[in-house]
Amino acid sequence: MLQRDTNIKIFSVGGFSIPRGVGGWGIVVVEEDEVIHTESGTEKNSTSNRMEMTAFLTALKFTEKPVTIYTDSNYVVQGYNLWMNNWVKNGWKNAKNDSVKNCDLWLQIYDLKNKIGDRVTVKWTKGHNLKAGTKEAYYNDMVDGLTRQY
């Protein structure tokens with residue numbers, strides 16, 4: 001767990017290689033423009049969304065201090081910021097009344113969200129956009145490289 005009180009940013013990315021049958025996820029934790037932690041892992045027979053969610057879940061577990069988590073997954077951003085409360089109200093059913101996919105991971109994320117409260121801000125960042133020259137693009141590219149170490 002982080003114990004510092006400064007502005008912390010966590011970049012999370014996940015992906016899946018169909019030919020290899022392996023998914024990868026990673027996080028890069030940045031404090032005052034310095035990488036202070038990286039973490040990654042793999043999972044066989046997964047999906048890109050599950051890997052994005054695994055990275056995000058790892059980021060949520062990593063700190064109890066205020067953070068901004070950046071991800072290039074609209075699925076994760078919208079699920080966390082918009083859809084999750086409706087899923088709970090609807091018994092973990094989506095707008096089409098189908099069971100929410102990846103519910104096992106969403107349940108863990110929901111539990112953490114309730115414990116964390118408003119200390120976490122979740123933002124979307126464009127992936128594979130290193131040419132933009134922004135810090136967000138740089139760190140997103142760095143964490144994307146971690147997801148491919150399988």
Side-chain angles (χ1 to χ4, degrees), residues 1-44 46-88 94-95 100-150:
M1 296 283 175
L2 294 174
Q3 299 299 320
R4 302 177 190 182
D5 291 321
T6 57
N7 186 19
I8 299 166
K9 297 176 182 177
I10 303 177
F11 294 81
S12 73
V13 172
F16 186 76
S17 171
I18 293 172
R20 292 184 177 149
V22 177
W25 61 268
I27 65 168
V28 170
V29 182
V30 179
E31 183 176 20
E32 297 179 9
D33 294 330
E34 178 183 339
V35 174
I36 61 170
H37 180 78
T38 64
E39 192 170 337
S40 62
T42 62
E43 184 176 304
K44 292 183 179 179
S46 191
T47 66
S48 290
N49 279 342
R50 286 190 68 81
M51 294 294 86
E52 293 280 8
M53 292 176 69
T54 300
F56 183 73
L57 184 58
T58 302
L60 284 176
K61 291 177 180 178
F62 192 77
T63 183
E64 294 179 357
K65 300 293 181 183
V67 299
T68 300
I69 300 175
Y70 292 87
T71 176
D72 59 9
S73 170
N74 277 314
Y75 176 63
V76 169
V77 172
Q78 291 178 356
Y80 188 85
N81 289 333
L82 302 174
W83 303 334
M84 203 166 11
N85 289 335
N86 285 333
W87 291 339
V88 171
N94 64 23
V100 171
K101 291 182 181 180
N102 305 306
C103 194
D104 59 323
L105 296 175
W106 282 119
L107 285 166
Q108 292 176 63
I109 290 168
Y110 181 74
D111 286 343
L112 283 171
K113 183 177 183 177
N114 286 329
K115 291 176 187 172
I116 293 166
D118 61 0
R119 292 190 315 257
V120 173
T121 302
V122 179
K123 293 184 176 182
W124 179 83
T125 187
K126 185 173 183 173
H128 313 285
N129 193 34
L130 190 55
K131 65 182 178 185
T134 65
K135 290 178 184 178
E136 286 81 10
Y138 173 78
Y139 292 121
N140 180 266
D141 186 69
M142 179 186 293
V143 74
D144 192 54
L146 293 176
T147 70
R148 300 178 195 282
Q149 296 182 358
Y150 40 78

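Numbering starts at 1 and runs along the sequence shown.
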Q: Dump the intermediate steps for salt bridge (Lys or Arg N to Asp or Glu O under 4.0 Å) on R50 and D104, then the final yes or no.
A: CA-CA 10 Å; R50 286 190 68 81; D104 59 323; 2.9 Å; yes
Q | Y75 side chain to N102 side chain, donor-acceptor N/O pair below 3.5 angstrom | A |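 A pair is found: one side chain offers a donor N or O, the other an acceptor, under 3.5 Å apart.
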A quick test of your reading: do over 12 heavy atoms of other residues, nucleotides or ligands sit less than 6.0 Å from [atom1] of [X]?
X: L82; atom1: CG; answer: yes
X: D118; atom1: CG; answer: no
X: K101; atom1: NZ; answer: no

Can you measure from [atom1] ([X]) to [atom2] ([Y]) and round to the nearest 0.5 angstrom?
X: S73; Y: F56; atom1: OG; atom2: CZ; answer: 9.5 Å
X: I36; Y: E34; atom1: CD1; atom2: CD; answer: 7.5 Å
X: T71; Y: I27; atom1: OG1; atom2: CD1; answer: 12.0 Å
X: I10; Y: L60; atom1: CD1; atom2: CG; answer: 8.0 Å
X: W25; Y: T147; atom1: CH2; atom2: OG1; answer: 11.0 Å
X: M84; Y: Y80; atom1: CE; atom2: OH; answer: 6.0 Å

Q: State whether the side chain of W87 and the backbone N or O of N94 hold a donor-acceptor pair below 3.5 Å, judged by distance alone.
A: no
Q.
Tell me if a side-chain donor or acceptor on E136 pairs with a main-chain N or O of T125 at a distance below 3.5 Å.
A. no
**Q.** Residue pair V67 / R119, side-chain heavy-atom distance below 4.5 Å
**A.**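 Result no, sub-4.5 Å side-chain heavy-atom pair not found.
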Q: Could you please spell out the steps behind the side-chain contact (heavy atoms from CB on, under 4.5 Å) verdict for F16 and T47?
A: CA-CA 6 Å; F16 186 76; T47 66; 5.6 Å; no
Q. Should the pair K9 and Y139 be classed as cation-pi, given the thresholds of under 6.0 Å to the six-membered ring centre and 45° from the axis?
A. no
Q: Output yes when D33 and K135 qualify as a salt bridge under the 4.0 Å nitrogen-oxygen rule, no when they do not.
A: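 A salt bridge links D33 with K135.
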Q) Looking at R148 and D144, does any basic side-chain N land under 4.0 Å from a carboxylate oxygen? A) yes
